[in-house]
Amino acid sequence: MGHYYHAFVVDPDMADTAMFLDRYQWPAQAAANTIIVVGKSSDTVTFAVCVALATTRVDVNKAVKNALKVRRVSFAPMDHAVSATGMERGSITPFGTPSNWPVLVDPRVVEAGVVVVGGGRRQLKVVVDGRSLAAIPQARVVAGLAVPR
């Protein structure tokens, strides 16, 4: 079975999640945020992609740290996330991120059915079945990745 997706154009000034949800009357439980994090241990630096529903927040201090097996995790500097992915701020998508970056997906995203994610450019959104995100080659579903807001 192939994976369904649909891309559509939005006002780039309305790309940030809260504004997008309001302007386009999109339900928050059908919207997924993509966050780039950086994990550090004494000798390693690991960038990773986290995907969680807009109704939740990524548990950086516990779940991400454990999943990446690192000592500490923080949000990646936006300029690095943008330059490393070739995507625009506020529109990073889990599709097409560097292949050596793990993609950590919260189970709620997989179970949500149809979700909207960024499209790499502020004016672009992509609608996919949440299971498609778990099918990205470097993806893995991480229980407890996100917690309700």
Side-chain angles (χ1 to χ4, degrees), residues 1-8 10 14-21 24 26-41 44-149:
M1 176 180 121
H3 293 283
Y4 163 86
Y5 70 93
H6 174 78
F8 62 100
V10 298
M14 296 289 153
D16 291 335
T17 303
M19 289 186 284
F20 168 80
L21 296 175
Y24 296 97
W26 195 275
Q29 66 273 18
N33 290 323
T34 304
I35 297 142
I36 308 298
V37 296
V38 57
K40 294 177 181 169
S41 283
T44 60
V45 174
T46 306
F47 284 89
V49 180
C50 298
V51 185
L53 291 181
T55 55
T56 65
R57 64 176 176 76
V58 174
D59 180 3
V60 175
N61 294 322
K62 285 193 199 129
V64 177
K65 193 163 75 170
N66 292 340
L68 297 178
K69 295 177 175 59
V70 293
R71 198 168 288 165
R72 67 181 190 277
V73 176
S74 56
F75 296 104
M78 187 53 68
D79 58 344
H80 181 79
V82 166
S83 64
T85 61
M87 300 178 201
E88 293 177 352
R89 174 188 176 96
S91 64
I92 292 176
T93 184
F95 299 105
T97 53
S99 60
N100 60 334
W101 289 10
V103 175
L104 309 178
V105 182
D106 186 76
R108 290 176 188 88
V109 175
V110 179
E111 296 157 8
V114 171
V115 295
V116 66
V117 295
R121 298 284 169 263
R122 288 190 62 82
Q123 70 270 22
L124 191 64
K125 294 287 184 185
V126 179
V127 178
V128 297
D129 183 313
R131 292 173 297 190
S132 299
L133 299 167
I136 294 170
Q138 68 270 30
R140 69 181 195 262
V141 178
V142 177
L145 181 71
V147 294
R149 285 189 186 276

Non-neighbouring partners of F47 that pass ring pair (Phe, Tyr, Trp, His ring centres under 6.0 Å), sequence neighbours left out: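 By the ring pair (Phe, Tyr, Trp, His ring centres under 6.0 Å) rule, F47 matches H80, W101.
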Is any side-chain heavy atom of [X] less than 4.5 Å from a side-chain heavy atom of [Y]?
X	Y	answer
L145	V105	no
F20	V116	yes
I36	V49	yes
R122	D16	yes
V115	V128	yes
W26	V10	no

Determine yes or no for a side-chain-to-main-chain donor-acceptor pair under 3.5 angstrom, with S91 supplying the side chain and G120 the backbone. yes
Under a 3.5 Å distance rule, please check whether R108 uses its side chain to pair with a backbone N or O of A146 as donor and acceptor.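 Between the backbone of A146 and the side chain of R108 there is a qualifying donor-acceptor contact (under 3.5 Å).
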Do R140 and V103 pass the side-chain contact (heavy atoms from CB on, under 4.5 Å) test, and can you show the C-alpha distance, the side-chain angles, and the key distance before you say yes or no? CA-CA 6 Å; R140 69 181 195 262; V103 175; over 6 Å; no
Can you list, pair by pair, the side-chain donor-acceptor contacts under 3.5 Å of residues 64-77, counting residues two or more places apart and other chains?
{"from": "N66", "atom 1": "ND2", "to": "K62", "atom 2": "O", "distance (Å)": "3.3"}

[X] and [Y]: which non-hydrogen atoms are nearest, and at how many Å?
X	Y	value
V82	R89	CG2-N, 3.7 Å
A54	T17	CB-CG2, 3.8 Å
T55	Q29	CG2-N, 3.8 Å
G119	V126	CA-CG2, 3.9 Å
G144	P107	N-CD, 4.4 Å

Which pairs would a plain distance check flag for residues 92-100, meaning a side-chain donor or acceptor within less than 3.5 Å of a matching protein atom at least two apart in sequence or in another chain?
{"from": "T93", "atom 1": "OG1", "to": "G118", "atom 2": "O", "distance (Å)": "2.9"}
{"from": "T97", "atom 1": "OG1", "to": "P94", "atom 2": "O", "distance (Å)": "3.4"}

Can you tell me how far CG of D129 sits from OH of Y5, rounded to the nearest 0.5 angstrom?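 Separation between the atoms: 14.5 Å.
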Got a second to check how far R149's CZ is from R57's CZ, nearest 0.5 Å? 8.0 Å
Quickly, which of V109, N33, I136 forms a side chain to side chain contact (heavy atoms under 4.5 Å, CB included) with V51? Name it, please. V109
